[in-house]
Amino acid sequence: MGQPVILVAEDETIVAWDLCATVEEAGYTVEGPYTDISSAMLAYQKQKPDVAILDVQLGDGNVFPLAEQMMAEDIPVIFHSGNYTPGEVSERFPHSHALAKPCPPAAIIDSVQNALR
């Protein structure tokens with residue numbers, strides 16, 4: 001069995017590449033980054049990831065419907081947002097992880113590890 005696959009959806013280029021590099025350096029396989037909901041959804045439908053890191057607000061809208069579909073299929077979601085506080089996200093999705101931008105790499109990896117448990 002290979003390394004866990006982490007889907008990354010983030011529309012800020014620098015943040016997206018930083019997230020992907022952080023996750024790859026920790027030994028995980030990265031799917032993405034995807035800058036919009038439609039490409040993230042297509043990737044999700046092709047291969048279910050082990051965890052998803054989703055920016056709440058992408059170029060083509062809010063990721064909550066995509067996150068709800070992933071969670072319905074038992075895919076852990078980590079929200080990564082500059083628009084919503086972790087508390088606001090946790091109110092709507094109490095079983096998800098939520099990180100505020102900017103987020104230290106160690107916190108991202110901790111969240112991924114917790115989500116995989």
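Heavy-atom basis, side chains included; hydrogens, waters and symmetry copies ignored.
Under a 3.5 Å cut-off, the side chain of Glu88 and the backbone N or O of Thr85 do form a donor-acceptor pair. Of the possible donor and acceptor atoms, one in the side chain of Asn114 sits under 3.5 Å from a partner among the backbone N and O of Asp110.
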Trace of the side chain to side chain contact (heavy atoms under 4.5 Å, CB included) decision for Asn83 with Val56: CA-CA 7 Å; Asn83 296 333; Val56 173; 5.7 Å; no

Audit row: Val5, Gln47, side chain to side chain contact (heavy atoms under 4.5 Å, CB included) steps and yes/no: CA-CA 9 Å; Val5 175; Gln47 176 186 354; 3.4 Å; yes

Residues Asp11, Gln57; criterion side chain to side chain contact (heavy atoms under 4.5 Å, CB included); working and verdict: CA-CA 8 Å; Asp11 63 347; Gln57 196 64 43; over 6 Å; no

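Taken together through direct or relayed side-chain contacts under 4.5 Å among Ile, Leu, Val, Met, Phe, Trp and Tyr, Met70 and Ile78 form parts of separate hydrophobic clusters. Leu116 and Ile108 fall within a single hydrophobic cluster, where Ile, Leu, Val, Met, Phe, Trp and Tyr side chains are chained together by heavy-atom contacts under 4.5 Å. Linking ILVMFWY side-chain heavy atoms closer than 4.5 Å, directly or via other members, places Val51 and Val23 in a single hydrophobic cluster.
Here the CG atom belonging to Asp36 is positioned 12.0 Å from the CD atom belonging to Glu10, to the nearest 0.5 angstrom. Rounding to the nearest 0.5 Å places CD of Gln69 at 4.0 Å from CE of Met41. Taken to the nearest 0.5 Å, the CD atom of Glu12 stands 10.0 Å off from the CG atom of Leu19. Going from atom NZ of Lys101 over to atom CZ of Phe79 covers 13.0 Å, rounded to the nearest 0.5 Å. How far CG of Asp55 is from CD1 of Ile53: 11.5 Å, rounded to the nearest 0.5 Å. With values rounded to the nearest 0.5 angstrom, Leu54 atom CG is found 11.0 Å from Ile75 atom CD1.
Side-chain contact between Leu58 and Tyr34 is absent, with no heavy atoms from C-beta onward closer than 4.5 Å. Residues Arg92 and Glu68 meet the side-chain proximity criterion, which asks for heavy atoms closer than 4.5 Å. Side-chain contact between Leu99 and Val89 is absent, with no heavy-atom pair separated by less than 4.5 Å. Side chains of Asp60 and Ser38 form a contact here, defined as non-hydrogen atoms less than 4.5 Å apart. Residues Val63 and Ile37 have side chains in contact (heavy-atom distance under 4.5 Å, counting atoms from C-beta outward). The side-chain heavy atoms of Asp50 and Thr29, taken from C-beta on, include no pair separated by under 4.5 Å. Residues Met71 and His95 have side chains not in contact (no heavy-atom distance under 4.5 Å, counting atoms from C-beta outward). Annotation: side chain of Gln113 is in contact with side chain of Tyr28 (closest heavy-atom distance under 4.5 Å).
No cation-pi contact links Lys46 to Tyr44, judged by a cut-off of 6.0 Å to the six-membered ring centre and 45° from its axis.
Here the closest heavy-atom approach between residue Ala40 and residue Leu66 is recorded as CB-CD2, 3.9 Å. Residues Ala115 and Pro76 share a closest heavy-atom pair of O-CG, 3.4 Å. Here the shortest heavy-atom pairing between Ser90 and Ala98 reads OG-CB, 4.4 Å.
Taking the six-membered ring for Trp and the full ring otherwise, Tyr84 and Phe64 have centroids separated by under 6.0 Å.
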